[in-house]
Structures are given as structure tokens and as C-alpha cells.
Amino acid sequence: MAIFYIALLLGTSFLLNLSVLSTAAATLNTTQSLRDGNSNTLVSSDGMFELGFFSPGSSKNRYLGIWYSNIPVQTVIWVANRDVPLTNSSGNLKVTPQGVLVLLNHNGTIIWSTNASRPARNPVAMLLDSGNLVVKDEGDNNPENFLWQSFDYPTDTEMAEMKFGKNLVTGLDRYYQSWKSPDDPARGNITYRLDPSGYPEIYVIRDSRIMYRSGPWNGMRFSGTPHLKPNPVFTFDFVFNDEEIYYIYRMVNKSTRSRLLVSPAGDIQRFMWIERTSSWLLYSTANTDNCERYKLCGAFGSCDINNSPVCSCLKGFVPKNPRAWNMVDWSDGCVRKTKLNCSGDGFIKYSGMKLPETRNSWYSRTMTLEECRDMCLKNCSCTAYANLDARGGGSGCLLWFDELIDIRIFIENEPDIYIRVAASDLDGNGDEKTDSKDAIRRRTWIILSSVLSAGFLLLALAFIFYICRRRQQKDGKMGGIPETTSDSKSKEDDLELPLFDLATLASATNNFSNTNKLGQGGFGPVYKGTLKNGQEIAVKRLSKNSRQGIGEFKNEVKHIVKLQHRNLVKLLGCCIEADEKMLVYEFMPNKSLDFFIFDETQGKLLDWPMRYSIINGVARGILYLHQDSRLRIVHRDLKASNVLLDYEMNPKISDFGLARSFGENVTEANTNKVVGTYGYISPEYAMDGLYSIKSDVFSFGVLVLEIVSGKRNRGFHHPEHHLNLLGHAWRLFTEGRTLELVAESLVESCDFTKVVRSIHIGLLCVQEIPEDRPSMSNVVLMMGSEGALPVPKQPGFFTERDIEENSTSTQNKPYSANECSITLLEAR
Ligand SMILES: *[C@@H]1O[C@H](CO)[C@@H](O)[C@H](O)[C@H]1NC(C)=O
Ligand SMILES: *[C@@H]1O[C@H](CO)[C@@H](O)[C@H](O)[C@H]1NC(C)=O
Ligand SMILES: *[C@@H]1O[C@H](CO)[C@@H](O)[C@H](O)[C@H]1NC(C)=O
Ligand SMILES: *[C@@H]1O[C@H](CO)[C@@H](O)[C@H](O)[C@H]1NC(C)=O
Ligand SMILES: *[C@@H]1O[C@H](CO)[C@@H](O)[C@H](O)[C@H]1NC(C)=O
Ligand SMILES: *[C@@H]1O[C@H](CO)[C@@H](O)[C@H](O)[C@H]1NC(C)=O
Ligand SMILES: *[C@@H]1O[C@H](CO)[C@@H](O)[C@H](O)[C@H]1NC(C)=O
Ligand SMILES: *[C@@H]1O[C@H](CO)[C@@H](O)[C@H](O)[C@H]1NC(C)=O
């Protein structure tokens with residue numbers, strides 16, 4: 001509506017007699033216009049900033065914006081029409097006689113405009129040296145009198161001298177909102193905003209969920225930003241009075257280019273331009289580590305990034321839900337050991353803490369700490385008090401009521417806070433000295449134990465390596481001599497082992513062309529081929545860096561060929577020529593299981609009865625490998641992509657037996673693939689290198705949970721906690737919500753008893769201790785019967801790595817011992 005109104009005000013005569021601005025002007029008056037396509041720009045007097053039209057990233061759309069001029073990297077700090085792009089370079093910016101900036105498109109429609117706070121006299125638009133675009137009366141440079149300024153309507157960038165916060169008189173709220181993406185300046189999901197309720201704080205909000213808060217201003221800085229200290233680069237201040245609340249920073253040297261960006265990913269990043277390298281330096285990021293996550297530890301919990309796990313309850317408090325707490329889901333927080341007794345309570349003093357959220361706080365600027373304490377004691381729902389301003393020994397009073405939320409421990413000396421506990425929980429040693437000693441002792445232990453376990457792991461790995469070398473040497477001595485002679489001798493032996501020659505396989509696979517490539521397995525690429533007789537085959541070309549002798553290879557293959565089971569992929573033969581070693585399998589037309597279960601549309605093709613029969617089939621296949629075949633083979637790399645499907649969707653396990661023949665001899669670089677796959681690997685194998693049939697049982701359990709849930713264990717995310725699929729399943733199971741795990745596409749077709757039973761068995765298979773896991777014969781028995789099942793214990797590896805995608809937060813994670821081993825294995 002406002003737009004039409006302005007259009008009326010403009011009148012047609014005004015739109016006609018306009019002159020186009022010269023290439024780079026200082027001001028724009030009512031008889032001039034800034035047109036796209038003429039490369040007109042408005043430039044600040046010091047030449048630092050430029051206003052004009054631009055296209056962001058790879059977008060073709062045109063926007064009116066302000067950027068740093070004279071630097072080679074396009075750095076836009078403000079966008080006018082962020083939500084209303086121009087589709088071609090026909091944009092036109094004007095100032096009306098009323099002092100309104102209007103942006104017109106090709107047919108003269110106003111697509112964006114400002115509004116004036118009062119009648120204007122000969123208005124002009126001008127870009128100031130600070131990067132602020134203002135509309136003012138010509139000659140009047142008093143900021144109080146500006147008709148309009150872009151600093152009041154920021155986009156995603158906080159600049160020096162910009163007020164960030166709220167004018168309590170006019171209601172003007174200046175906050176930042178990220179771009180949608182680097183190609184689209186439209187309003188994204190992240191806002192960075194000052195919340196004036198209670199005692200003000202700054203929040204980062206994604207959609208409507210709080211991600212981070214700054215902590216209240218303590219007179220020197222925000223209590224959650226200990227790194228924000230007096231420095232030679234910029235000064236900063238927080239103004240809070242009856243008229244306005246805002247934060248502001250100023251550069252010490254005004255010619256230093258700096259900006260604070262709210263990125264589409266949710267990072268709050270301060271950049272400085274470095275002239276010498278001609279690039280932006282990421283000077284600091286506001287919300288980097290785990291403990292910055294809003295409310296990570298729940299009510300009355302506190303986060304210490306140097307601790308493992310990071311969350312603990314405040315003194316006098318215990319976890320509300322101990323089971324979830326021990327499974328590193330801290331969201332339920334802590335509760336008092338002893339209920340408050342209003343009159344006889346006391347306070348525990350804490351130093352170096354990010355103060356709890358102050359949205360519901362009460363404050364007084366004049367009260368002393370003693371008055372503050374008395375006031376808190378008098379009100380039964382008051383839970384903590386502190387000085388409002390920590391400068392000069394402290395002054396003022398800040399009171400918290402009910403739950404204390406989002407606390408973290410810093411090492412830096414932050415002002416003290418006094419937290420209320422029942423008298424009986426004030427056990428005399430509430431002073432910080434014991435506190436910090438405890439913390440140091442804890443930290444030392446953690447560091448020591450992680451060093452020890454890493455060291456132990458290395459030792460274990462070295463030992464395994466040594467054994468392998470020994471075996472290899474031994475095998476070499478015994479097998480090395482007959483190599484040449486055995487070739488002729490083995491000709492007879494090899495009667496049962498069909499040998500293909502290289503030429504046949506080359507022609508069948510189109511000379512191993514890329515179009516025939518089906519995929520890349522742990523041991524090498526797999527090609528589809530068609531033999532002369534029309535039979536379809538899959539050819540696995542083994543990596544050349546396997547150092548296994550030919551005799552040994554043949555021997556292994558001969559054994560594997562004998563393995564015949566309807567749930568194992570059939571090995572048809574092999575090829576050994578030059579330095580090539582290849583295995584020839586029956587071809588499986590329906591690809592592998594992962595192709596179906598992890599894909600929403602493909603997943604619909606596999607209903608519950610089919611999945612149930614797949615689970616049963618895989619179980620029988622493994623049982624055969626473990627028990628019924630005379631070789632007692634441990635697969636070691638069981639996973640969805642190693643379960644192939646035939647025309648009738650019968651599961652066939654592939655890559656069996658290979659681990660046995662190849663696992664110990666491949667080169668270091670390949671080891672991670674052969675050793676196992678993250679997400680399926682059992683703890684004892686990952687940690688101690690011990691593998692047994694129970695390691696396969698673990699992988700099978702993971703597979704079952706994946707088949708039922710349609711989710712990968714690796715990379716599993718859940719908004720409510722940091723557990724992986726195993727932890728999530730276990731949590732649902734223990735809470736009696738097992739059915740919530742079932743994939744949506746299965747709900748219609750599933751038989752609830754069987755689904756729950758399958759999940760139950762899956763959980764039994766992924767138990768942490770190998771001895772607790774059932775054997776495959778037991779699994780097959782349990783699948784086929786209806787008897788009672790044992791209660792599963794906690795699964796192994798039930799936490800996912802830190803879910804933060806943020807690469808800056810790779811350090812300091814809970815359960816570093818677990819992760820350490822995985823990383824070691826992967827990095828080898
Ligand atoms: C606008 O600026 C131009 C160039 O400086 C000048 O010729 C013109 O008279 C100005 N118009 C107004 C209304 O001040
Ligand atoms: C921009 O597009 C409109 C139609 O969408 C067209 O009428 C106009 O001529 C175009 N202007 C330029 C400068 O390409
Ligand atoms: C001007 O162009 C826009 C977009 O092309 C169109 O939606 C609008 O109806 C046009 N207005 C007039 C008055 O032609
Ligand atoms: C300015 O315009 C916006 C919408 O374009 C409106 O919400 C706001 O109230 C206006 N402010 C004034 C001071 O008129
Ligand atoms: C922003 O939020 C919307 C709706 O919640 C979501 O669809 C979209 O993926 C989000 N975008 C980003 C970049 O996170
Ligand atoms: C400010 O920075 C500029 C360029 O970076 C430099 O030339 C100038 O000497 C600096 N001024 C002061 C007062 O340090
Ligand atoms: C509260 O504490 C005081 C002092 O310890 C004690 O005298 C009183 O009995 C307690 N009241 C209740 C209800 O427990
Ligand atoms: C305690 O403080 C809360 C919050 O300020 C207030 O709503 C309540 O009335 C107070 N109770 C008493 C007894 O003063």
C-alpha cells in the first residue's frame with residue numbers, strides 16, 4: 001500500500017525530466033537517477049564504499065547494494081531489494097522531493113522504497129564514509145536529522161559505528177538476518193538479534209530456535225564472550241538506558257576495513273581486510289564450540305569444554321533423567337538434591353562462569369550485593385543473584401528466578417554468581433579453591449587416560465602388524481619355493497577352480513570400460529560383463545597392491561568357490577594373469593541393499609515382508625559363513641552395500657572370504673577399507689583390533705536397525721540428541737517407543753510384533769561387550785520363534801561424532817576415546 005501511495009506522490013512529471021548520474025558521484029539529488037546498465041555508482045567521499053547494482057555469486061538477478069570499492073573481492077555489506085530481485089539490468093534508483101528513495105523496474109513500478117520520518121527540503125542521498133547510505137536535507141549533516149539511513153535497516157553485516165539493538169522510543173529494531181545462500185541475498189534462516197526482555201542479551205536464532213546467546217553485559221563485555229577484551233584494533237560499547245539498548249563497535253584506525261557477518265550457515269564471523277595479502281582474514285567467530293550450543297546441558301547443568309563429558313550438574317543438583325544423561329543426552333538437565341526450604345537456604349559462589357540466561361531476570365542498578373542477596377532470599381522462586389556490573393568491585397543486582405539455563409564454565413575470571421541451594425547441600429567446601437583443584441585433577445586424568453589409550457592402541461596396532469609380517473614371511477618361505485613348480489602341479493589341483501582368461505573378461509566387460517563399472521568395492525572396482533554365451537557376470541578387479549602370492553590367492557579362491565549358499569553371492573571363478581587378479585561372480589541385477597533402504601522413493605519398493613525376509617536371509621548367510629562352512633569365515637565388512645539382491649530380491653552377501661585372504665596383506669593406504677566400515681565396525685575391533693564372529697554379529701545388528709529405520713548409522717542426526725542410530729534405537733526401546741524407529745514407508749506394511757522383535761534382536765547384537773551378543777545361530781533361532789528375549793544392554797559406539805558440521809569445532813568432544821580409535825584406523 002505504501003508503495004502505491006508513494007507512486008501517487010511522485011506524479012508523472014517528476015518521473016520524466018531526470019538526468020542520469022555521472023559515472024561515480026558523491027550524492028544523488030531529486031533531478032538525478034542511478035541506473036543499472038550505465039555502471040553508475042554512488043561513492044563515499046573517502047572512496048571506501050560504493051552503492052550500485054550487482055549480481056551476487058552465480059545469480060543473474062540484479063540487486064541494489066553497497067560494497068567495498070577498491071578491493072578485488074566483491075564484498076557486499078548491504079542490499080536494498082533483498083527480497084525483490086530485479087530480473088535484468090533495468091533498475092533505476094531515485095530520490096523523490098519528499099525524501100524517499102525509490103527503486104523502479106523496467107516499466108516504472110516501484111519494487112523497493114524507503115520512507116521519510118518528516119517533510120524534506122531539497123533532499124539528497126549520500127553514501128557516508130562509514131558505509132551508511134543516508135537521505136538528508138542538502139547541507140544538513142547532523143545525524144539526528146537524517147531522513148533515513150541504511151544503518152537502521154541492516155541486512156547480514158554489522159559495520160563499525162552501526163547501532164545494533166533497539167530504540168525503545170520509536171520501536172526501531174536493528175538486527176541482522178543472513179542471506180539465503182551466497183547466491184541469494186533474500187532473508188535466510190539465521191537472525192542475530194538483541195533481545196530486550198529481562199536483562200538484554202544477544203541471540204543467534206535459526207528459524208525460531210535459539211542456537212546461541214551472548215550472556216548479559218557485565219559492564220565490560222557480554223558474559224559469554226571472554227575473548228572480547230580491550231584490544232588495539234577496535235573498541236566496543238553497550239548502551240542501555242530508557243531510550244535505547246544497543247551494542248556498537250568502532251575501529252581504532254578508521255581506515256581498517258572490518259565487518260561482522262551473519263553467515264547462512266549460522267556463524268557469526270568477524271573479518272578484517274589484510275591489504276598485504278589482499279584477502280579477508282577471519283578474525284574471530286562468535287559461536288564455535290560445543291558449549292556455545294544453547295541449553296546443551298539443560299536446566300541447572302553447566303558446560304565445561306575441557307571436561308569429558310562436557311556437561312555436569314551444578315553442586316547440589318543431580319541429573320533429572322540419569323539414564324538419558326549417561327547416554328550424553330543432557331537436555332533434561334538437573335534437579336535439586338534437596339528441595340528449597342525458603343527460609344533456611346544458602347548460596348554457593350561460582351567464579352568464571354557464563355551467567356545463566358537473563359530473559360526472566362530482574363535487575364537494579366543501585367542495589368549492593370548484600371541487598372541483592374537479601375532480596376533473593378526473600379523470594380522463594382529466586383534461584384541466583386550476582387552483581388549487575390562487575391567493574392570496580394561490582395555494583396547493582398541481577399536476580400534469576402526458577403530454572404538456570406545455558407551456563408558454561410570459563411577459565412577466565414568472570415564475575416561471581418551465587419546460586420541458591422538447600423542448606424543441607426552447602427557442605428562447607430563450597431569455595432572455588434577445591435573446585436578448581438578438582439577440575440585440574442579431572443582434566444589431568446582425562447588427558448592421561450586419552451594419551452594412554454592412544455598409546456595402547458598404537459602398541460596394539462604395531463603388534464598386529466608384527467604378527468602379520470611374521471606370518472607373511474613364514475608363508476613366503478613355505479609358499480615361495482613351490483611357486484614355479486606348483487604352477488604345473490596345480491593345473492590338476494585346479495580342476496574345481498574355473499579359470500577365466502584375461503582376454504575373455506576384457507571382451508566381456510568392454511575392456512573394463514567405465515560404462516560397465518558397477519561400483520568400487522573395498523578391494524577394487526567391479527564391472528558388469530556379458531560372456532559370449534549371454535551369461536551376465538560381475539568382475540571384481542582386485543587392487544594390484546595386494547602383496548599376496550599367487551599360490552595363496554588361488555588356494556583361497558578354491559576354498560571360497562566351495563562356499564555355496566543361497567544367501568551368498570556365487571563365485572564363478574577367477575582370473576590370474578600378468579599382475580591382474582580378478583574374481584568372477586554371478587551378476588545381481590537389483591544392485592545392493594543400500595540403494596533401496598536409504599532412499600525414500602526406492603525404499604517404497606521394499607515393504608516390510610520383503611525386508612523381514614532379507615533380514616532372515618542375511619542372518620542365514622552369515623550363520624553359514626560362521627558355522628556351517630568348514631572354513632569358519634568372519635566376514636569383517638558386513639554392510640548394506642555388501643548385501644546384493646537378485647531378481648526376486650533375495651539377499652546375497654558379497655565380499656565374504658576376501659577379508660580372510662586379503663585383509664592382512666593390503667598396503668597401509670587401503671587398510672581402512674578392508675578393516676571395516678565406520679558405522680558397522682564393533683568397538684572391540686576398532687579399539688583393540690580384536691575381531692571374531694561377534695564382530696560380524698555387531699555389524700549384523702547395525703544392518704537390522706538400518707533396514708527397519710531406513711537410516712544410516714553413520715551420519716545419523718537427530719534434533720534432540722547426539723546419539724547415533726544405535727543410541728537412538730536403544731533410547732526409544734528403553735522408553736517403550738520402539739515403533740517410532742520404523743521407517744515411515746514401512747508403517748503401512750509392517751507387522752508390529754515382528755518389527756519390534758527385529759529391533760530387539762538388532763539391539764542384542766550391538767551390545768558393547770562381545771560376550772553379551774548372541775551367536776548367529778541364536779539370532780536365527782530368535783528370529784524364527786516367539787519366546788521371550790533377554791533385555792539388551794547399552795550398545796557399543798552409541799554416540800555419533802560431534803554433529804556440528806562446523807570444522808572449527810573438531811577439538812574437544814565428549815567420548816574422545818571412542819573417536820580417537822576410529823580416527824586412527826581411518827587415518828592409517
Ligand atoms: C542536482 O545536481 C545537479 C548536478 O550537480 C545540478 O545540476 C542540479 O541542479 C541539482 N538539482 C537540484 C534539484 O538540486
Ligand atoms: C527487462 O525485461 C523486460 C521484460 O521482462 C523488458 O521489457 C525490458 O526491455 C528489459 N530491459 C532490459 C534493459 O533488458
Ligand atoms: C511491470 O512489470 C511487472 C513485472 O514484469 C509486472 O508484474 C507489472 O504488472 C508491470 N506493471 C505495469 C504497470 O505494466
Ligand atoms: C517504513 O516502511 C515500513 C514498510 O515499508 C513500515 O513497516 C514502517 O513502519 C515505515 N516506517 C515509518 C517511520 O513510516
Ligand atoms: C531454512 O528453513 C527452511 C524451513 O524451515 C528449510 O526448508 C531450509 O532448508 C532452511 N535453509 C537452510 C539454508 O538451512
Ligand atoms: C591506519 O591504517 C593506514 C593503512 O592501513 C595507515 O596508513 C595509517 O598510518 C594508520 N593510521 C594510524 C593512526 O595508525
Ligand atoms: C527450614 O530450615 C530451617 C533451618 O534449617 C528449619 O528450622 C526448618 O524447620 C526448615 N523448614 C522446613 C519446612 O523444612
Ligand atoms: C518473586 O519474584 C517473582 C518474579 O519477579 C514475582 O513474580 C513474585 O511475585 C515474587 N514473589 C514474592 C513473594 O515476592
Side-chain angles (χ1 to χ4, degrees), residues 10-11 13-35 38 40-43 45-48 68-71 93-102 119-127 129-130 135-140 147 160-161 197-199 231-235 250-259 271-281 283 340-343 345 356-364 367 371-386 388 397-405 420:
L10 292 175
S13 59
F14 165 72
L15 290 172
L16 293 176
N17 45 27
L18 282 175
S19 68
V20 169
L21 211 61
S22 59
T23 322
T27 59
L28 184 70
N29 69 22
T30 52
T31 56
Q32 296 167 317
S33 79
L34 184 74
R35 269 184 201 283
N38 297 354
N40 287 171
T41 54
L42 206 60
V43 179
S45 66
D46 65 354
M48 181 107 88
Y68 278 99
S69 74
N70 297 328
I71 63 171
L93 179 74
K94 292 169 183 169
V95 188
T96 71
Q98 292 75 26
V100 172
L101 273 176
V102 292
R121 277 176 292 109
N122 196 15
V124 292
M126 186 172 176
L127 186 56
D129 291 347
S130 55
V135 182
K136 60 190 190 83
D137 291 337
E138 193 174 20
D140 185 350
L147 290 154
E161 328 252 331
S197 47
Y199 195 70
N231 65 72
V233 183
F234 61 93
T235 60
R250 298 182 174 88
M251 299 312 290
V252 171
N253 182 338
K254 295 232 184 315
S255 54
T256 313
R257 295 182 174 98
S258 94
R259 65 200 167 96
F271 289 98
M272 303 278 173
W273 179 258
I274 306 299
E275 205 66 65
R276 207 161 41 79
T277 58
S278 208
S279 62
W280 287 105
L281 169 80
Y283 181 85
L340 287 181
N341 151 354
C342 257
S343 48
D345 306 324
E357 181 170 61
T358 50
R359 277 186 163 184
N360 300 315
S361 293
W362 178 92
Y363 68 91
S364 152
M367 276 163 78
E371 291 167 335
C372 197
R373 179 192 161 96
D374 289 346
M375 178 131 180
C376 189
L377 269 180
K378 273 188 209 137
N379 187 325
C380 287
S381 57
C382 176
T383 43
Y385 71 95
L388 189 64
C397 172
L398 187 53
L399 296 183
W400 284 265
F401 300 93
D402 305 318
E403 294 187 330
L404 301 176
I405 283 167
R420 187 174 194 163

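Source: prediction; values computed, not measured. When a ligand or atom number is given, it counts from 1 through the structure's own listing order.
- At a heavy-atom distance under 4.0 Å, no atom of Glu138 approaches ligand 1.
- Within the model, atoms OG of Ser381 and CG of Leu340 stand 10.0 Å from one another, a figure rounded to the nearest 0.5 Å.
- Interface atoms of ligand 6 facing Ser255, defined by a heavy-atom separation under 4.0 Å, are 1 (C), 2 (O), 3 (C), 4 (C).
- Using a 4.5 Å cut-off on side-chain heavy atoms (C-beta onward), Leu399 and Met375 make contact.
- Taking the ring centre of Trp400 as origin, the terminal cationic atom of Arg420 falls outside the region bounded by 6.0 Å and 45° from the ring axis.
- The nearest pair of heavy atoms linking Pro97 to Ala120 is O-CB, 3.9 Å.
- Near Asn29, with a cut-off below 4.0 Å to any heavy atom, the atoms of ligand 1 are 1 (C), 2 (O), 3 (C), 8 (C), 10 (C), 11 (N), 12 (C), 14 (O).
- By the 6.0 Å contact criterion, CG on Asn360 is open, its count of non-hydrogen atoms from other residues, nucleotides or ligands being 12 or less.
- Between the side chains of Thr256 and Ser258, no donor-acceptor pair is found at a separation under 3.5 Å.
- Judged by the 6.0 Å and 45° rule, Arg373 forms no cation-pi pair with Tyr385.
- Closer than 4.0 angstrom to ligand 8 by heavy atom are Asn379, Ser381, Phe401, sorted by chain and number.
- Counting the atoms of ligand 1 from 1 in the order shown, those under 4.0 Å from a heavy atom of Thr30 are 13 (C).
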